[in-house]
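Some notes on the structure that comes next.
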Amino acid sequence: MKFNERVYLIVRKIPKGKVSTYKQIAEKLNCRAYRAVGNALNKNKDKNIYCHRVVKSNGEIGGFNRGRKEKIRLLKKEGVEAVNNKIDLKKFGYKIK
DNA sequence: CTAATGACCATTA
DNA sequence: ATAATGGCCATTA
């Protein structure tokens with residue numbers, strides 16, 4: 001379960017009002033485990049982790065264990081505007097350290 | 001061990 | 001724009 005912990009660690013770093021993509025997180029970890037990242041977040045239900053700040057590479061919302069609607073709501077609440085269920089990564093994308 | 005699954009990605013038609 | 005294809009990796013059955 002080392003993988004999950006790393007994922008959470010990264011996700012935790014995402015500041016409010018910004019988002020990141022599964023791919024970027026994966027790249028920061030191993031380089032190509034996009035899917036594994038998604039899987040990890042799906043299983044995890046820790047509220048301390050901002051799973052909703054992770055979206056697809058193309059800017060789409062992606063999935064969410066509580067439904068994409070809820071995900072959008074949470075993001076909007078933090079100042080991230082979702083247009084047509086998509087997010088402008090140029091503006092809200094967080095460059096991972 | 002193998003096989004199937006998934007909150008994915010990129011390319012091609 | 002959508003649909004199909006192949007690839008990718010960790011987890012789970």
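Proteins get letters first, then strands, A, B, ... in listed order; numbering begins at 1 in each.
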- Can you figure out which of B:dG6, C:dG7, B:dA7 approaches the side chain of A:Asn65 most closely?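 Side chain of A:Asn65 sits closest to B:dA7.
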- Task: Would you mind telling me which of B:dA10, C:dT11, B:dA7 lies closest to the side-chain atoms of A:Lys23?
- Result: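 The listed nucleotide nearest to A:Lys23's side chain is B:dA10.
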Integer-rounded Å distance: [N] [atom2] and [X] [atom1]:
| X | N | atom1 | atom2 | answer |
| --- | --- | --- | --- | --- |
| A:Ile87 | B:dA7 | CD1 | C1' | 13 Å |
| A:Lys28 | C:dC9 | NZ | C1' | 19 Å |
| A:Ile49 | B:dA7 | CD1 | P | 17 Å |
| A:Glu60 | B:dA7 | CD | P | 15 Å |
| A:Phe64 | B:dA7 | CZ | P | 12 Å |
| A:Leu41 | C:dT11 | CG | P | 12 Å |
| A:Ile72 | B:dA7 | CD1 | P | 16 Å |
| A:Glu27 | C:dC8 | CD | P | 14 Å |

- Task: Determine: side-chain N/O of A:Lys43 to OP1/OP2 of C:dA10, distance under 4.0 Å, yes or no.
- Result: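 No, no such contact exists.
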- A:Asn30 side chain near C:dA10 phosphate (N/O to OP1/OP2, under 4.0 Å):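 Checking C:dA10 against A:Asn30, a side-chain N or O does come within under 4.0 Å of OP1 or OP2.
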At 4.0 Å (heavy atoms only), tell me whether [X] reaches a base, stays on the sugar-phosphate, or touches nothing.
| X | value |
| --- | --- |
| A:Lys86 | sugar-phosphate |
| A:Asn4 | sugar-phosphate |
| A:Tyr22 | base |
| A:Ala36 | base |

- Query: Between A:Arg35 and A:Asn39, which is nearer to the 5' end of DNA chain C once each is assigned its nearest nucleotide?
  - Reply: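 Checking each residue's closest nucleotide, the 5'-ward one belongs to A:Arg35.
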- Is A:Arg53 positioned over the aromatic face of A:Tyr50, cation under 6.0 angstrom from the ring centre and no more than 45 degrees off axis?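 Yes, cation above the ring, under 6.0 Å and within 45°.
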- Query: Less than 4.5 Å apart, any side-chain heavy atom of A:Phe92 and any of A:Val55?
  - Reply: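 No, every pair of side-chain atoms sits at 4.5 Å or beyond.
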- A:Phe64 vs A:Leu74 side-chain heavy atoms within contact, under 4.5 Å: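 Yes, close enough: below the 4.5 Å cut-off.
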- Item | Worked verdict on A:Val83 versus A:Asp88 for side chain to side chain contact (heavy atoms under 4.5 Å, CB included) | CA-CA 8 Å; A:Val83 184; A:Asp88 187 346; over 6 Å; no
- Yes or no on side-chain hydrogen bond (donor to acceptor under 3.5 Å, both in side chains) for A:Glu78 and A:His52, after CA distance, side-chain angles and deciding distance? CA-CA 11 Å; A:Glu78 298 183 347; A:His52 58 275; 3.1 Å; yes
- B:dA7 and C:dG7, which share atom name P, separated by this distance in whole Å: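 These two P atoms come out 22 Å apart once rounded.
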- Message: Can you tell me whether the side chain of A:Arg32 and the base of C:dC9 have a donor-acceptor pair closer than 3.5 Å?
- Response: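 Absent.
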- Message: Suppose we define a pair by two distances each less than 3.5 Å, Watson-Crick or G-U wobble; what does C:dT5 pair with here?
- Response: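 C:dT5 is paired, partner B:dA10.
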